[in-house]
Asker: 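Take this structure, written in C-alpha cells, and hold onto it; I'll ask about it next.
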Protein chains: 2
Amino acid sequence: MTVCCDHHPPEETLTRNQRLVLETLRSEDKPLTAYNLLDRLRDDGLRAPPQIYRALDRLVNVGVVHRLDRLNAFISCNHNHCGGQGVLFAVCDACGSVEELKADTVESAILPTTEAIGFHAVQLVGEVRGLCGPCERKKTDG
Amino acid sequence: MTVCCDHHPPEETLTRNQRLVLETLRSEDKPLTAYNLLDRLRDDGLRAPPQIYRALDRLVNVGVVHRLDRLNAFISCNHNHCGGQGVLFAVCDACGSVEELKADTVESAILPTTEAIGFHAVQLVGEVRGLCGPCERKKTDG
DNA sequence: AAGGGTTATGTTACATTATAACAGATTTCA
DNA sequence: TGAAATCTGTTATAATGTAACATAACCCTT
C-alpha cells in the first residue's frame, strides 16, 4: 500500500468552503450526504452541489473526510492518515451509526491475496455491515 | 459472520427477467451498471429501471451477483457463496477490470477489531483500488 | 374449479446523487 | 504587471435509484 496524497496540510490551508464542510461533518456523529451538507450550509452561501462536492473532493483527498460508498455519504475522521491509506468502517444497519476501525491488520491480510494475482494495491476501502452494540442489545431484548 | 440469505437456489427458480440480467452480466468480464443492463435488455422487454433493479436485488441477495458500491455497478460471481458472506474485490483504476478475491482471511482479520467495539458484524464488503498486472506493466514500461 | 394470498410484472413519475461547462474573482509569484 | 493557477458561483443536465399503482401469473387450500 503506497501513499498518494496531499499530506495532512494544516487546517489553515483549507479554503472557507472546505472549512465549513469539514466543521459541519465534525459536528455530527453520523455520516451526511452531499445534499444534507447543502441544506445545512445554504445560509453560508453554499447554494449549489458543485460547491459541496468540490470541498468534499479536497477533504477526502487530504484524508480528513471519508466517503462511505454504500451510503453515498461522508464522514469526518481524525485518525491522522492520508487519503491513500486503507480505511474500514463498521456501519450499523439499524441506526446508521458509523465507527472507523483500524485497517492495518486488514491490509496485511489482503496483500498476499492481491499480490498472488499480480494486482498492485493502492487503497483498501472496506465497509462492514452489521449491528452496533446498542442496536444488537435492543434486538435481543425486545 | 453469520449467513442470512435465500440459499443458492437452483437457477431454474430464477424468473425470466432475473435470468436475462444474470446472463448479460455473465457475458461480460467487466461490471455493468443498471442502465448498461437496461440498454442491453430493452429488446427483451426490460424497458424501465425498476425491472432491472428488482432482478438485481434478487440476484445480489442470492449471492450470484455482487454490487460494487464504488462504481455503482454489478458483476456476476460463480464462487458458490451466499449474499451474506464477505466479499472483496480488486478494482483496476486504469481499465476498470475487477477480480474477486478470497475474503476469508480478511474476515478473520477484522473480527477481533469489530468485536472489540461491540459491533456484531454481518457482512464485509471490501474494494481494493489499484492497478491490475497488465496496467501496472504498461505504466512502468511506457 | 373457485377464490384468496402472494409474488412478479410493467409503467409512470419522481427523488437522489453527481458532473459538465462556463464566466468571473482571487491568489501567486516570476 | 501580467500570466498561470486556483477558487468561486451558477446553470443546466446526467446518472443512479425508488415510490406507487394497476395488472397478471402463480400457488395453494378448500
Side-chain angles (χ1 to χ4, degrees), chain A residues 5-6 9-25 28 30-62 64-75 91 93 96 98 125 127, chain B residues 5-6 9-25 30-62 64-75 91 93 96 125 127:
Chain A
C5 77
D6 197 1
E11 280 182 30
E12 298 78 57
T13 72
L14 297 177
T15 66
R16 177 186 129 90
N17 289 359
Q18 290 159 9
R19 210 159 17 227
L20 283 166
V21 168
L22 179 57
E23 278 160 14
T24 308
L25 285 171
E28 303 274 335
K30 296 200 175 184
L32 296 177
T33 69
Y35 284 76
N36 293 155
L37 288 163
L38 188 54
D39 288 341
R40 284 171 173 68
L41 291 171
R42 209 173 300 269
D43 293 342
D44 296 291
L46 283 91
R47 282 183 277 267
Q51 296 173 282
I52 302 290
Y53 282 104
R54 289 198 282 234
L56 286 170
D57 278 353
R58 171 95 195 282
L59 296 170
V60 168
N61 186 260
V62 151
V64 292
V65 164
H66 297 301
R67 186 196 152 92
L68 290 154
D69 292 317
R70 186 165 258 306
L71 307 175
N72 299 321
F74 300 83
I75 192 165
V91 181
D93 286 338
V98 172
V125 179
E127 294 168 29
Chain B
C5 77
D6 194 2
E11 280 183 30
E12 298 79 57
T13 72
L14 296 178
T15 67
R16 175 187 130 90
N17 289 359
Q18 288 158 12
R19 211 160 16 229
L20 283 167
V21 168
L22 179 57
E23 278 160 13
T24 307
L25 285 170
K30 295 200 176 184
L32 296 176
T33 69
Y35 284 76
N36 293 155
L37 289 163
L38 188 55
D39 287 342
R40 284 171 172 67
L41 292 171
R42 208 173 303 268
D43 293 342
D44 296 292
L46 284 90
R47 282 183 278 265
Q51 294 173 282
I52 303 289
Y53 282 104
R54 288 197 283 234
L56 286 169
D57 278 352
R58 173 93 195 284
L59 297 170
V60 168
N61 186 261
V62 151
V64 292
V65 165
H66 298 300
R67 188 198 150 92
L68 290 154
D69 292 317
R70 222 180 167 57
L71 306 176
N72 299 320
F74 300 84
I75 192 164
V91 181
D93 286 337
V125 178
E127 295 169 28

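By convention in this document, chain letters (A, B, ...) are assigned in the order of the sequence lines, proteins followed by strands, and residues within each chain are numbered from 1.
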Asker: Does N72(A) have a side-chain nitrogen or oxygen under 4.0 Å from the phosphate oxygens OP1 or OP2 of dA18(C)?
Answerer: yes

Asker: Between the opening five pairs and the closing five pairs of the helix from dA1(C)-dT30(D) to dA30(C)-dT1(D), how far apart are the helix axes, to 10°?
Answerer: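 End-to-end axis angle for the helix from dA1(C)-dT30(D) to dA30(C)-dT1(D): 30°, rounded to 10°.
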
Asker: Take Y35(A) and G45(A), find for each the nucleotide of DNA chain D with the closest heavy atom, and name the residue whose nucleotide sits nearer the 5' end.
Answerer: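 Result of the comparison: G45(A).
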
Asker: Do Q51(B) side-chain atoms and A48(B) backbone N/O form a donor-acceptor pair below 3.5 Å?
Answerer: yes

Asker: So, does Q51(B) get its side chain near the phosphate of dT9(C), meaning an N or O under 4.0 Å from OP1 or OP2?
Answerer: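 No, Q51(B) has no side-chain N/O under 4.0 Å of OP1/OP2 on dT9(C).
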
Asker: dT11(C) P sits how many Å from R42(B) CZ, rounded?
Answerer: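 So the two atoms are 12 Å apart, to the nearest Å.
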
Asker: Of the nucleotides dT12(C), dT10(D), dT8(D), which one has an atom closest to the side chain of N17(A)?
Answerer: dT8(D)

Asker: May I ask you to verify whether the side chain of R54(B) and the base of dG17(D) hold a donor-acceptor pair under 3.5 Å?
Answerer: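 Side chain to base: no pair below 3.5 Å.
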
Asker: Taking only N and O in the side chain of R47(B), is any of them less than 4.0 Å away from OP1 or OP2 of dT11(C)?
Answerer: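 For dT11(C), OP1/OP2 do have a side-chain N/O of R47(B) under 4.0 Å.
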
Asker: Do any side-chain nitrogens or oxygens of R67(A) fall under 4.0 Å of OP1 or OP2 in dA18(C)?
Answerer: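 Answer yes for this pair, as a side-chain N or O of R67(A) is under 4.0 Å from OP1 or OP2.
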
Asker: Considering only side-chain heavy atoms of A48(B), which listed nucleotide, dT11(C), dA18(C), dT11(D), is closest?
Answerer: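 Selected nucleotide: dT11(C).
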
Asker: Atom CG of D57(A) and atom P of dT8(D): how far apart are they, to the nearest Å?
Answerer: 13 Å

Asker: What's the CZ-P distance between R70(A) and dG17(D), to the nearest Å?
Answerer: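 Nearest whole value for this atom pair: 12 Å.
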
Asker: On DNA chain D, compare the nucleotides closest to L71(B) and P50(B); which residue's is nearer the 5' end?
Answerer: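 It is L71(B) whose nearest nucleotide is closer to the 5' end.
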
Asker: Expressed in angstrom and rounded to an integer, what is the separation of I52(B) atom CD1 from dT11(C) atom P?
Answerer: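 The answer, rounded to whole Å, is 13 Å.
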
Asker: Can you tell me how far C1' of dT16(D) sits from CG of D69(B), to the nearest Å?
Answerer: 13 Å

Asker: Rounding to a whole Å, what distance do you find between L46(B):CG and dA8(C):P?
Answerer: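 Roughly 14 Å, once rounded to whole Å.
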
Asker: May I ask you to evaluate whether T15(B) reaches the phosphate of dT9(C), defined as a side-chain N or O under 4.0 Å from OP1 or OP2?
Answerer: yes

Asker: Expressed as a whole number of angstroms, how long is the span from Y53(B):OH to dG10(C):P?
Answerer: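 So the two atoms are 17 Å apart, to the nearest Å.
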
Asker: Kindly say if T33(A) contacts the phosphate of dT16(C), meaning a side-chain N or O under 4.0 Å from OP1 or OP2.
Answerer: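 Checking T33(A) against dT16(C): no side-chain N or O falls below 4.0 Å of OP1 or OP2.
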
Asker: Spell out, as yes or no, whether a donor-acceptor pair under 3.5 Å connects the side chain of N36(A) to the backbone of T33(A).
Answerer: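 Yes, because the side chain of N36(A) sits within donor-acceptor range (under 3.5 Å) of the backbone of T33(A).
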
